[in-house]
Every structure is written in structure tokens, then in C-alpha cells.
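Handing you this structure, nothing more for now.
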2 protein chains.
Amino acid sequence: MKRTVENINYSKETIAIARFAKALGHPTRITILNYLDNQSCCFTGDLVGVLPLAQSTISQHLKELKDAGLIQGELKPPKIKYCIHQENWNKAKELFVNFLK
Amino acid sequence: MKRTVENINYSKETIAIARFAKALGHPTRITILNYLDNQSCCFTGDLVGVLPLAQSTISQHLKELKDAGLIQGELKPPKIKYCIHQENWNKAKELFVNFLK
DNA sequence: TAGTCAAATCGTACATTTGCGATAAACTAA
DNA sequence: TTAGTTTATCGCAAATGTACGATTTGACTA
């Protein structure tokens, strides 16, 4: 993407929506978020039991969601409890609702 | 993606949300949709004037949005008028609002 | 200190996305 | 028919995404 058009000046909102949308743009991640919402929280290992994917792959998807700010991890040694990042979740909701008005 | 895990059974809704989200997952496409919404409709050429991207690149983004069902094209020779696909747009809105509840 | 467990990260392979310029296709108008 | 206009598609290159198994890391516990 860093080629001739190095930096288009998108608005902050545009970038924010695209960032959230990108994170939501894979069925596995939608599934993870649904699961997370139902359980309110969960461990990586729970997902490994639920999804037919390698542990490393699931970890990668969790990273993607965490980087986008949609979830957060809390240390519960030796596990990590993942939950929805409510603040950013609400922000995403607001952005989408406003955008899709 | 077609490797060992050939087909995970995602629900229809999950696939639908991910599909829409993926299409929304690029700032250029968000910009196009915003523009489209403001003008209610537009031609490919209009966007070429607005965005610092090659015509072929913009055409590609439009295709992506069309394939996702978010916009539709109407032949107005020698141009093509693109508009929001209102029905699918509403569907997307419903899916996102429900998902982000 | 050594061992254990859960999760992250590394290295790799392949697929998909994003971008461009060049070209083709569809239509009008002369 | 020919030329012009507009948009789509092709072919390519680079970047990014998705998946795996193997390994490392971090936080305990014995």
C-alpha cells in the first residue's frame, strides 16, 4: 500500500470506521466476538475448543481484535481473560450507526 | 485460505456481517460511500476527480462495493451512475446494530 | 532451580488485496 | 465507419492476511 500514493488524507472518522470494519471483516473474528459477548469473557483456550483452528491462528485473530481495540486481555495466570472493550465497542457502534444512517 | 480447514460452518449472519465489514474495511471505500451518500449518486469519473487514485483503482473499489451489495450501478451511457443499494444498506445497518448492541 | 501450563511469537507457504499503467469494451456522435 | 468518451478488465508487483507447526515467553508451582 505504501507505493506512489503514500498518504491520502482521510478524515479521522473515516480511518476509524475502516479500522473497526477491517477487524470485523472475517467470520472467525465475528464468531469470537459473538462468543465473547455471550460468555461476557473467555480464555484463549476456550476458543481453541470451540473453533476448528490451530491455537496460533486463534491467537492471531485475537491479536487483530485487540489491536483494533475491540477487545482487551486481562492477566489471570496462567491464562488470559479476554473481554469486549466496552468503551471502544460503544465508539464503534456509534460510528457505524451514524455512518449507516 | 483453502488449506486444511476448508469449510468452517459459520452461520449465515456471521458470514453476512463479515462480508459487509470487509467491504467497509478500507478508508477509500468509506470515502466513496460518504461521497455517494452526499451526492445521493455519482459517476466513476466524479470520484476520479475527488480521489488521488488511478481510475482503475477506483473502479476496483467500486467493484468491491458492488460485489458486497452495498452499491448498484445504473447504465447512463456512456457513463454509469452509482448509488447506494438501499435495501442491502438497510440490511447491513440492521446486522451491525444488532451485532454491536 | 526446574518444571508446567497457557498464550504469544516465529518461520513458512499460499491467497488475497491494493495499486498502477495499458488495453479492451460499450456506447455516442460525427 | 471512425473517432471520442467513459468505465471495466488485464497483467503485473508489492503488501497484507490467513493458516499451520514449532518454538519461545511469562507466570506461576513444586
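A quick note: this is a predicted structure, and the numbers were derived from the prediction, not measured. Lettering of chains follows the sequences in order, A, B, ..., and the numbering in each one begins at 1.
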**Prompt:** What does B:K22 touch in the nucleic acid at a heavy-atom separation under 4.0 angstrom: a base, only the sugar-phosphate, or nothing?
**Reply:**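 Counting heavy atoms under 4.0 Å across all strands, the contact made by B:K22 is with sugar-phosphate only.
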**Prompt:** Where do A:I80 and A:G73 come nearest, in terms of heavy atoms and distance?
**Reply:**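 Closest approach of A:I80 to A:G73, heavy atoms only: CG2-CA, 4.0 Å.
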**Request:** May I ask you to verify whether the side chain of A:Q60 and the base of D:dG17 hold a donor-acceptor pair under 3.5 Å?
**Result:**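 In this structure, the two groups form no donor-acceptor pair.
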**Fill in**
In B/S/- notation (B base, S sugar-phosphate only, - none; protein heavy atoms under 4.0 Å), nucleotides 22-30 of chain D written 5' to 3' is B----SS--
**Asked** Rounding to a whole Å, what distance do you find between A:D67:CG and D:dT16:P?
**Response**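 Distance check: A:D67 CG to D:dT16 P gives 14 Å.
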**Request:** Decide yes or no for B:L70 and B:E64: does some side-chain heavy atom of the first lie under 4.5 Å from some side-chain heavy atom of the second?
**Result:**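 A side-chain contact under 4.5 Å is absent here.
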**Message:** Is it true that, when you exclude A:Q39 itself, more than 12 heavy atoms of the residues, nucleotides or ligands shown sit nearer than 6.0 Å to its CD?
**Reply:**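 Correct, the count exceeds 12.
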**Asked** Could you give the NE2-to-C1' distance, from A:H61 to C:dT9, as a whole number of Å?
**Response**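 Rounded to the whole Å, the gap is 16 Å.
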**Prompt:** Over how many whole Å does the gap from A:E74 atom CD to C:dA7 atom P extend?
**Reply:**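 Going from CD in A:E74 over to P in C:dA7 covers 13 Å.
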**Asked** Between residues 40-51 of chain B and DNA chain D, which residues have a heavy-atom gap below 4.0 Å?
**Response**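 Output list: B:F43, B:T44, B:G45.
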**Item:** Distance, rounded to the nearest Å, where A:L65 contributes CG and D:dT18 contributes C1'
**Value:**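 The distance from CG of A:L65 to C1' of D:dT18 comes to 14 Å, rounded to the nearest Å.
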**Asked** Do the side chains of A:H61 and A:L65 get nearer than 4.5 Å, heavy atoms only?
**Response**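 They are not in contact (no side-chain heavy atoms under 4.5 Å apart), so the answer is no.
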**Asked** Is any side-chain N or O of B:H26 closer than 4.0 Å to OP1 or OP2 of C:dG19?
**Response**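 So the side chain of B:H26 is within the cut-off, an N or O lying under 4.0 Å from OP1 or OP2 of C:dG19.
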**Asked** A:S59 has a side chain; which of C:dA7, D:dA8, C:dT18 sits nearest to it?
**Response**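 Given the options C:dA7, D:dA8, C:dT18, the side chain of A:S59 is closest to C:dA7.
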**Message:** Measuring from atom CG of B:L53 to atom OG1 of B:T31, what distance do you get when rounded to the nearest 0.5 angstrom?
**Reply:**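 The distance works out to 9.5 Å.
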**Message:** In this structure, how many angstroms lie between the P atom of D:dA19 and the NZ atom of A:K63, rounded?
**Reply:**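 Atom NZ in A:K63 sits about 16 Å away from atom P in D:dA19.
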**Item:** Euclidean distance, atom CZ of residue B:R29 to atom C1' of C:dG19 [Å, nearest integer]
**Value:**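 Going from CZ in B:R29 over to C1' in C:dG19 covers 12 Å.
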**Item:** Side chain proximity check, A:T44 to A:K79, heavy atoms < 4.5 angstrom
**Value:**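 No; the side chains remain at least 4.5 Å from each other.
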**Item:** Residue met sooner reading DNA chain D from 5', once B:I58 and A:T28 are mapped to nucleotides
**Value:**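 It is B:I58, whose closest nucleotide lies nearer the 5' terminus.
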**Asked** Taking the side chain as C-beta and beyond, is there a heavy-atom pair between B:Y82 and B:K66 under 4.5 Å?
**Response**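 Yes, side chains in contact.
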**Asked** Given atom NZ of A:K79 and atom C1' of C:dA7, what is their separation to the nearest angstrom?
**Response**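 Computing the A:K79:NZ to C:dA7:C1' distance gives 11 Å.
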**Item:** Nucleotide D:dG17, atom P - distance to CG of A:L24 in whole Å
**Value:**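 Taking CG of A:L24 and P of D:dG17, I get 14 Å after rounding.
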**Message:** Between A:K66 and B:T57, which residue's closest nucleotide on DNA chain C lies nearer the 5′ terminus?
**Reply:**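 Nearer the 5' end of the strand: A:K66.
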**Request:** Write down the atom of A:I30, the atom of B:A18, and the distance for their closest heavy-atom approach.
**Result:**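 For A:I30 and B:A18, the tightest heavy-atom pair comes out as CG1-CB, 4.1 Å.
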**Message:** Measuring only between side-chain heavy atoms, which start at C-beta, is B:I32 closer than 4.5 Å to B:H26?
**Reply:**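 No. Closest side-chain heavy atoms not under 4.5 Å.
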**Message:** Would you say the rings of A:F20 and A:W89 are close, in the sense that their centroids are separated by under 6.0 Å?
**Reply:**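 Between A:W89 and A:F20, the centre distance exceeds or equals 6.0 Å.
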**Asked** Base, sugar-phosphate alone, or nothing: which one does A:E64 contact when heavy atoms must sit under 4.0 Å apart?
**Response**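 Result for A:E64 = nothing.
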